[in-house]
Q: 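A single structure is presented below for examination.
Atoms considered below: every heavy atom in the structure, side chains included; atoms not considered: hydrogens, waters and symmetry mates.
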Amino acid sequence: MHHEFLGLSLGDWTAVVSLASIFIGTLVKALTHSLETALTPLRMTIKELNDNIAKQEQLGSKREQMIQNNKIDIVAHTKELEDHERRISKLEDEK
């Protein structure tokens with residue numbers, strides 16, 4: 001008994017499906033490789049950008065700490081200056 005579907009035998013359909021699978025597989029592999037090749041520089045740039053952002057955040061934290069330390073120093077110096085002013089005024093009043 002000879003079976004046909006749309007004018008093609010079972011052997012013909014097997015060949016068509018095999019060829020189509022090979023063609024589609026090759027096409028997918030080529031597109032995947034091309035896409036990977038095209039995206040590699042973009043991935044590297046994104047990684048560098050992330051690294052730079054992390055470095056900037058660290059520098060920002062260090063700068064913030066320096067600013068806080070400077071504020072503490074300013075307060076201490078202001079108190080010392082006020083004390084000197086008070087002592088000078090007292091000495092001037094005694095003369």
Q: With sequence neighbours excluded, give me every salt bridge (charged side-chain N to carboxylate O under 4.0 Å, His left out) pair touching residues 16-39.
A: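 Every salt bridge (charged side-chain N to carboxylate O under 4.0 Å, His left out) pair that includes a residue of residues 16-39, provided the two are not neighbours, is E36-R43.
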Q: What verdict does the side chain to side chain contact (heavy atoms under 4.5 Å, CB included) test give for N69 and Q65, after you've listed the backbone C-alpha separation in whole Å, the side-chain angles of each residue and the deciding distance to 0.1 Å?
A: CA-CA 6 Å; N69 292 342; Q65 185 60 44; 3.1 Å; yes
Q: Rounded to the nearest 0.5 Å, what separation is found between the CD atom of E80 and the CG atom of D73?
A: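 Reported to 0.5 Å precision, the distance equals 11.0 Å.
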Q: Which pairs pass salt bridge (charged side-chain N to carboxylate O under 4.0 Å, His left out) with one or both residues in residues 48-58, sequence neighbours excluded?
A: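 As it turns out, the salt bridge (charged side-chain N to carboxylate O under 4.0 Å, His left out) pairs with a partner in residues 48-58, which skip direct neighbours, are K47-D51.
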Q: Please list, chain by chain and in numerical order, all residues satisfying side-chain contact (heavy atoms from CB on, under 4.5 Å) with L42, sequence neighbours excluded.
A: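 Only L39, I46 meet the side-chain contact (heavy atoms from CB on, under 4.5 Å) criterion with L42.
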Q: Without placing hydrogens or testing angles, list every side-chain donor-acceptor pair under 3.5 Å for residues 13-24, not counting sequence neighbours.
A:
from	atom 1	to	atom 2	distance (Å)
W13	NE1	F5	O	2.8
W13	NE1	L8	O	3.4
T14	OG1	L10	O	2.8
S18	OG	T14	O	2.8
S21	OG	V17	O	2.9

Q: Extract all donor-acceptor atom pairs below 3.5 Å that involve side chains of residues 81-92 and protein atoms in other chains or at least two apart in sequence.
A:
from	atom 1	to	atom 2	distance (Å)
D83	OD1	R86	NH2	2.4
S89	OG	E85	O	3.0

Q: Just to verify, what does L59 make a side-chain contact (heavy atoms from CB on, under 4.5 Å) with, not counting sequence neighbours?
A: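 In terms of side-chain contact (heavy atoms from CB on, under 4.5 Å), with neighbours along the sequence ignored, L59 is linked to Q56, R63.
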